[in-house]
Amino acid sequence: MNITELLTNLQARHDAATTQAGELRGQIKHLTATLTETEAHLADLDTTRKVIVERTRPENTPAPPETATAYQAIVGTFNQHPAQAFRVRELHDLLGMPTDDPALNVTRSRLGRLTRQGFLTQPRRGRYQKRT
């Protein structure tokens, strides 16, 4: 193989990798948008459920105590342990949440959002801690 063939082969590989990277970026953008829409839909469903429960409850019956949302539970845990850095699985174990991969991925997304909002920091990869 001469140098021209080698350079041509390398350019073809580079072009293929560039195309694949562009396709992957597109998929990430699509999945991020879909996740945002789904989380908004979940919030709407939760609000709808609360309104229906409130409207259908007999007048003399007291309202059921409000359960903590997942975000409230997560933030509450970090408030109770401000110096501790948690892995997602450790947080799930502490909160008694399921530890299957889909549930862990949802929590990773929530922790990422809390990090971007400034409530948490990420002192090491895969670990989250309350911002001090």
> Is there a path of hydrophobic side-chain contacts, each under 4.5 Å between heavy atoms of I, L, V, M, F, W or Y residues, that connects L114 with V106?
Replying inline: no
>> If the condition is side chain to side chain contact (heavy atoms under 4.5 Å, CB included), which residues does R113 pass it with, not counting sequence neighbours?
In response: E39, Y71, R116, Q117
> F86: what forms a side chain to side chain contact (heavy atoms under 4.5 Å, CB included) with it, not counting sequence neighbours?
Replying inline: T77, F78, H81, Q84, E90, L91, L94
Taking only distance into account, with no hydrogens and no angle test, what donor-acceptor pairs under 3.5 Å do side-chain atoms of residues 20-34 form with protein atoms, sequence neighbours excluded?
unit_1 : atom_1 : unit_2 : atom_2 : d
T32    : OG1    : I28    : O      : 2.8
T34    : OG1    : H30    : O      : 2.9

> Which pair of heavy atoms, one from D46 and one from R49, lies closest together, and at what distance?
Replying inline: OD1-NH2, 2.7 Å
Can I get a per-line list of side-chain donor-acceptor pairs under 3.5 Å for residues 118-129, giving both atom names and the distance, sequence neighbours left out?
unit_1 : atom_1 : unit_2 : atom_2 : d
T121   : OG1    : Q129   : O      : 3.4
Q122   : NE2    : Y128   : OH     : 3.4
Q129   : NE2    : A83    : O      : 2.8

> Can you tell me how far CG of L35 sits from CG of N105, rounded to the nearest 0.5 angstrom?
Replying inline: 10.0 Å
> Mind checking what makes side chain to side chain contact (heavy atoms under 4.5 Å, CB included) contact with D44, not counting sequence neighbours?
Replying inline: none
> For N9, what residues pass the side chain to side chain donor-acceptor pair (under 3.5 Å) criterion, not counting sequence neighbours?
Replying inline: none
> For residues 93-106, which residue pairs qualify under salt bridge (charged side-chain N to carboxylate O under 4.0 Å, His left out), counting only residues two or more places apart or in two chains?
Replying inline: none
>> Measuring from atom CD1 of I52 to atom OG1 of T47, what distance do you get when rounded to the nearest 0.5 angstrom?
In response: 11.0 Å
> With sequence neighbours excluded, what pairs up with H14 under the side chain to side chain contact (heavy atoms under 4.5 Å, CB included) test?
Replying inline: Q11, T18
> What closest approach, in Å, do L95 and A73 show between heavy atoms, and which atom pair accounts for it?
Replying inline: CD2-O, 3.9 Å
> Roughly how far, to the nearest 0.5 Å, is the NE2 atom of H41 from the OG1 atom of T48?
Replying inline: 8.5 Å
> To which residues is L45 joined in a hydrophobic cluster, defined by side-chain heavy-atom contacts under 4.5 Å among Ile, Leu, Val, Met, Phe, Trp and Tyr, whether direct or through other members?
Replying inline: none
